[in-house]
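Excluded from the calculations below are hydrogen atoms, water molecules and symmetry mates; all remaining heavy atoms, backbone and side chain alike, are included.
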Amino acid sequence: MMLADPSKKYRRMYQRVDLPDRQWPNKEITQAPMWMSTDLRDGNQAIFEPMDMEQKFKMFQMLVKIGFKHIEIGFPSASQIDFDFTRKLIEESHIPDDVYIEVLVQARDHLIQRTFEALEGAKRAIVHIYNSNSPTFRKKVLNVDVEGARQLAINAAQKVKEYAANYPETDFIFQYSPECFSATELEVAKAACDAVTEVWEASPENKVILNLPATVEVSTPNVYADQVEWMHRNIERRDGVIISVHCHNDRGCGIAASELAIMAGADRVEGCVFGNGERTGNVDVAAIALNMYTQGVAPNLDFSNINEIIATVEECTGLPVHPRHPYAGDLVFTAFSGSHQDAIKKGFEFQKNEEIWDMPYLPIDPKDLGRDYDAVIRVNSQSGKGGISYLLESNYNVVLPRRLQIEFSQVVQQHTDATATEISAQEIWNLFKETYVEVKNANYTAKNYKLSDNNGNQIIELDVVTNEQSQQLRGEGNGPISAILDALNLPIDVLNYEERSIGSGASAKALALVELQVKGTGKSAFGAGLHDNIVTSSIEAIIAATNRLIEQGVLSTEQVVASAV
């Protein structure tokens, strides 16, 4: 089935903006806007089960801790629980002195009265009224013309002003939203806003908030930015107005629209912490704030413990934060791709403390959000040697030689292909030991050994078992490694030998890594030894590599038996 012809069903729902000298494309965001959280109102209206009093209070405390100074706490004229919650915050003195609680109310007299009753005794409050001026609402919902819609706004503004006069103990800020602003003719929206600011006597000393919402997102973000800039340049009493934006996400562009709106003159952004809200959600405040942070702009909101914020939001809303959510998702700092992992591993090698953060694929330091680096690289069938090496190094201090990285990555690849699942750092370490350490007991087993000195040379005596036959070997060299090789009397050379310390303190173990090559063949194999004693580790590593050469058919069991006789 094909989609219907859109030209026969849909039309452009916004007015084109004549703004040939638009300025916002040349602007940058250099400071944070004012922030207003709508989590307790718009966000609460959008969940399956609205929050109860305990959940609303927990959410409010979280929003205060993050640093919001404007918090919309509900719709007290329409909801008893919102009314009671407003009273609880005021009567129990839970509102910090520098925080304005905000309440929404429709432009109706009895609802405005009920709203002020809820706010009695508040130190600071924002009263937010709204009505739509868009053609669709004028015709199909309100049944008014342009002037009728403007008059609704004027009447509500007058009532708010009258009721506020009865509560002189409260520092009020008035806010008006021409609902569906982005789908309203700009001249119509301007006329309603100008009328309201006139009633409220907006001035630099008496700021009024004009919120210009993309109640339903109907255009690309650049069009919305043009609309905001047009209002910024044309509304009356601009020096007495705080321009606010409230973007929904119907087209998936809420973040971009809000950021461009700031560039276009907006002073304030409304949204939910992680983008909750009706339909496709309000704008995601955490994403915008942290976008600024990664550009060196202080957002004035604290997301340094983002896991705690996630837990609170999920508990109170019943909605999960998506694992690929910008900045907050469980997987957002996780690389499975081999090429990504390799780049991140190399980036960490260059990144120094106190330097400007400049990492491949990681625009923000996870530690700034209270995350660690443990989950940055995870391994599955899509991963490569870089991710495997990073996990071994970061979790076990094991730095593999490059050729061993390549070889072992194929071992891990076979495992993940067979299981079709992710593999943890612990599982990778176990697989490494199984492949390179435990193989020491496969064909050729070393039992006891004794080291002694002979005029500066090392002498080793050790028991080995081959084909269930035990023999005592003796070798001499300028060190333990050469002495072991002399004792084995096999046609092998050491291509590479490295030592590592695993763990710390009394529980530390010595890891020996060795690559042996069979003389005249060009064939080699790695082996590893893990023991409290470094000499024992070295012996085990050499025996393990020998056994792997036998398994690969490069050394014959006859050569091994002959050497032991």
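- Between Ile101 and Phe60 there is a side-chain heavy-atom pair separated by less than 4.5 Å.
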Next on the checklist: With salt bridge (charged side-chain N to carboxylate O under 4.0 Å, His left out) as the criterion, how do Arg238 and Asp267 come out once you've worked through the C-alpha distance, each side chain's angles and the decisive distance to 0.1 Å?
Outcome noted: CA-CA 11 Å; Arg238 178 63 181 96; Asp267 308 300; 3.1 Å; yes
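- Taking the ring centroids of Phe116 and Phe172, they lie under the 6.0 Å cut-off.
- For CD of Glu49, the number of neighbouring non-hydrogen atoms (other residues, nucleotides, ligands) closer than 6.0 Å is 12 at most.
- By the side-chain hydrogen bond (donor to acceptor under 3.5 Å, both in side chains) test, Thr30 pairs with no residue at all, sequence neighbours left out.
- Sorted by first then second residue, the side-chain hydrogen bond (donor to acceptor under 3.5 Å, both in side chains) pairs that include residues 309-323, not counting sequence neighbours, are Lys58-Glu315.
- Applying the side-chain contact (heavy atoms from CB on, under 4.5 Å) criterion to Gln61, with sequence neighbours excluded, gives Phe57.
- Under the 4.5 Å side-chain criterion, counting only non-hydrogen atoms from C-beta, Val208 is not in contact with Gln175.
- Annotation: cation-pi geometry not satisfied between Arg87 and Phe85 (NZ/CZ under 6.0 angstrom from ring centroid, within 45° of ring axis).
- Scanning for side-chain contact (heavy atoms from CB on, under 4.5 Å) contacts around Gln55 gives Met51, Asp52, Cys316, with sequence neighbours left out.
- By the 4.5 Å heavy-atom criterion applied to side chains, Val313 and Leu319 are not counted as neighbours.
- Separation of the Trp35 and Phe68 ring centroids does not fall under the 6.0 Å cut-off.
- Side chains of Val127 and Leu119 form a contact here, defined as non-hydrogen atoms less than 4.5 Å apart.
- The side-chain hydrogen bond (donor to acceptor under 3.5 Å, both in side chains) check on Gln227 picks up nothing, with sequence neighbours excluded.
- The side-chain contact (heavy atoms from CB on, under 4.5 Å) search around Arg251 returns Glu217, Thr220, Cys253, not counting sequence neighbours.
- Listed by first and then second residue, the salt bridge (charged side-chain N to carboxylate O under 4.0 Å, His left out) pairs involving residues 218-231 are Arg22-Asp226, Glu229-Arg233 (not counting sequence neighbours).
- Contacts classified as salt bridge (charged side-chain N to carboxylate O under 4.0 Å, His left out) and involving residues 290-307 (residues at least two apart or in different chains) are not found.
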Exercise. Begin with the C-alpha distance, continue with both residues' side-chain angles, and end with the deciding distance and a verdict on side chain to side chain contact (heavy atoms under 4.5 Å, CB included) for Trp200 and Glu198.
Key: CA-CA 5 Å; Trp200 286 340; Glu198 182 178 9; over 6 Å; no
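- With sequence neighbours left out, the side-chain contact (heavy atoms from CB on, under 4.5 Å) criterion links Lys207 to Ile242.
- In this view, Asn397 satisfies the side-chain hydrogen bond (donor to acceptor under 3.5 Å, both in side chains) rule with no residue, not counting sequence neighbours.
- Under the salt bridge (charged side-chain N to carboxylate O under 4.0 Å, His left out) criterion, the residue pairs touching residues 65-81 are Arg41-Glu72, Lys65-Glu308, Lys69-Asp98, with sequence neighbours excluded.
- Ser77 and Arg114 are not linked by any side-chain donor-acceptor pair at a separation below 3.5 angstrom, with hydrogens and angles left out of the test.
- Listed by chain and residue number, nothing satisfies the side-chain hydrogen bond (donor to acceptor under 3.5 Å, both in side chains) test with Thr115 (two or more places apart in sequence, or in another chain).
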